[in-house]
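Both ligands and their constituent atoms are indexed starting at 1 by order of listing. Reckoned from all heavy atoms, side chains included, excluding hydrogens, waters and symmetry mates. This chain uses plain numbering: 1 for the first residue, then up along the sequence.
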Amino acid sequence: MMMMESQRDWIALEQQYYQNTFKRLPITLVRGEGPRVWDSAGKVYLDFVAGIAVNVLGHCHPAVIEAVQSQLTQLIHVSNLYYNTRQIELAELLGIQSKGMRSFFSNSGAEANEGAIKLARKFGRVNRNGAYEIISVHGSFHGRTLATTAATGQASYQATWVPLPDGFKQVPFNDLEAIKKATSEKTVGILVEAVQGEGGIWATSKEYMQGLRAWCDEQNLVLICDEVQAGVGRTGTFFSWEYYGIRPDITTMAKGLAGGIPIGAMLTDPRTDLFTPGEHGTTFGGNPIACAAGVATVRTILNENLLENARQIGEYWNSKLEAFCDKYSFLDSPRGRGLMRAVHVKNELAGAIVQQAMEQGLLLNSTAPDTLRMIPPLILTRGDIDEASERLDRALAVVAEMPTAKEEK
Ligand SMILES: Cc1ncc(COP(=O)(O)O)c(C=O)c1O
């Protein structure tokens with residue numbers, strides 16, 4: 001007789017059959033609705049991780065379900081040898097939002113960035129005597145493929161994989177002079193996150209982003225903004241670079257774009273729109289199911305005013321974080337924009353807070369032992385924030401009693 005799902009030991013089975021690539025928390029999630037998820041034991045959590053900035057509409061949003069279900073019965077997959085209506089609809093929506101960029105769809109953020117790197121190199125071949133080097137920034141994260149690992153500005157992600165592809169260089173965060181100094185005749189483009197995600201939620205300054213735009217114009221370089229984490233409304237504007245009053249030449253997206261269905265996108269301005277048929281491609285990218293989910297997600301964000309909600313609820317959540325920083329001596333420096341937030345945690349207690357919050361029914365994430373990150377869905381209400389605050393307060397009160405919380409460091 002088959003075992004019931006609830007009787008299986010999922011953690012033991014994972015250890016037997018899944019590769020050792022993830023440091024997982026000891027819960028198995030089986031159901032989600034809105035900002036909440038349930039584990040296999042029936043416990044409910046408010047989800048402020050949201051699949052790492054993926055579930056922008058929360059879990060199982062009716063618009064995504066409806067779009068995917070109806071697409072499933074119509075056309076599941078078709079090759080990019082043919083036109084496909086959902087793909088063109090999503091490209092149209094993104095073209096309108098970006099004020100004139102054209103899309104290429106992939107399946108992930110890393111792949112979207114690979115496409116951006118290739119397109120920048122094509123620009124270098126056509127317009128800059130074969131220049132190919134991309135300058136990126138310390139603390140950045142751009143993906144797990146070899147080229148995006150080479151572009152990622154964190155040595156810990158690179159050390160094991162050397163030799164990495166040639167043509168990448170990193171300079172300090174938010175430092176325009178460093179970019180200028182690093183630029184040479186080999187340079188073709190600059191790759192940045194306007195708000196760094198995996199690096200710990202660090203927003204660049206307006207002067208910096210505007211300075212980068214001006215520098216790229218002056219030097220005929222390609223400005224690439226990686227919007228994989230900060231995009232799709234997370235910071236309160238559809239693209240996080242809108243806040244800066246600039247537009248990059250190329251921008252990449254993934255995570256939240258299809259409300260939980262895998263997708264990536266690489267968008268380009270006409271100046272850098274240089275691919276010709278056969279130079280780039282994908283089997284699954286732009287698949288009708290993913291694009292139907294993308295269309296539903298983007299329309300819902302726009303029609304339900306979720307950008308404004310991200311701004312307002314984000315401010316409300318930040319006011320709660322400020323209060324926690326006043327109340328608990330081991331927390332300080334609340335930061336971020338919209339619903340992309342973090343606080344600094346002293347004495348490497350971020351992991352303990354994540355653990356205690358989970359016990360209290362709140363999912364949080366730490367990007368480092370000193371950084372607590374919160375990237376919840378854009379549909380949150382003030383009531384959800386109040387509930388999350390009560391749970392976090394209880395978790396922090398437990399952590400405050402730990403000996404390490406009392407040590408002066
Ligand atoms: C800014 C940024 N770029 C790229 C990626 C890679 O995306 P994916 O994991 O979908 O390949 C991530 C993932 O966290 C990201 O945060």
Side-chain angles (χ1 to χ4, degrees), residues 19 21-24 48-56 104-120 134-154 156-158 161 164 168 170 173-174 189-204 209 223-235 238-241 243 248 250-267 282 284-287 290 293-294 297 336-342 365-368 371 373-376:
Q19 292 184 27
T21 49
F22 297 105
K23 199 168 160 217
R24 303 187 201 256
F48 276 40
V49 177
I52 312 196
V54 167
N55 303 97
V56 284
F104 172 88
F105 296 121
S106 56
N107 309 288
S108 67
E111 253 184 280
N113 283 333
E114 285 275 345
I117 293 162
K118 282 175 71 177
L119 189 53
I134 307 264
I135 303 174
S136 59
V137 173
H138 292 164
S140 63
F141 185 85
H142 299 296
R144 303 283 192 161
T145 62
L146 285 175
T148 56
T149 296
T152 288
Q154 300 188 56
S156 59
Y157 286 106
Q158 297 180 334
W161 317 116
L164 288 165
F168 297 90
Q170 279 92 45
F173 172 75
N174 208 37
I190 294 162
L191 169 61
V192 286
E193 295 164 83
V195 184
Q196 282 190 349
E198 298 305 298
I201 317 296
W202 297 104
T204 55
M209 291 302 289
L223 179 59
I224 308 168
C225 282
D226 179 341
E227 285 283 298
V228 168
Q229 189 159 149
V232 203
R234 177 143 302 283
T235 63
F238 189 79
F239 297 101
S240 70
W241 41 259
Y243 170 88
I250 299 175
T251 196
T252 55
M253 312 174 78
K255 291 196 181 279
L257 182 56
I261 304 292
I263 194 167
M266 188 271 283
L267 277 60
T282 164
F284 281 118
N287 161 282
T297 302
R337 196 170 288 143
L339 283 168
M340 189 169 181
R341 300 277 171 183
N365 163 254
S366 67
T367 57
T371 306
R373 169 172 63 171
M374 291 137 281
I375 37 181

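- Partners of R337 according to the salt bridge (charged side-chain N to carboxylate O under 4.0 Å, His left out) rule, which considers only residues two or more places apart in sequence or in another chain, do not exist here.
- Nearest heavy atom pair, residue T371 against residue A342, reads CG2-CB, 4.1 Å.
- Residues with a heavy atom under 4.0 Å from ligand 1: S108, G109, A110, N113, F141, H142, G143, E193, E198, D226, V228, Q229, K255.
- Residues I201 and M374 have side chains not in contact (no heavy-atom distance under 4.5 Å, counting atoms from C-beta outward).
- By the side chain to side chain donor-acceptor pair (under 3.5 Å) test, T282 is found to be paired with no residue, residues two or more places apart in sequence or in another chain being considered.
- Applying the side-chain hydrogen bond (donor to acceptor under 3.5 Å, both in side chains) definition to pairs two or more places apart or across chains, those involving residues 252-262 are N113-T252.
- Of the charged side-chain nitrogens involved, at least one lies within less than 4.0 Å of a carboxylate oxygen, so that R373 and E198 count as a salt-bridged pair.
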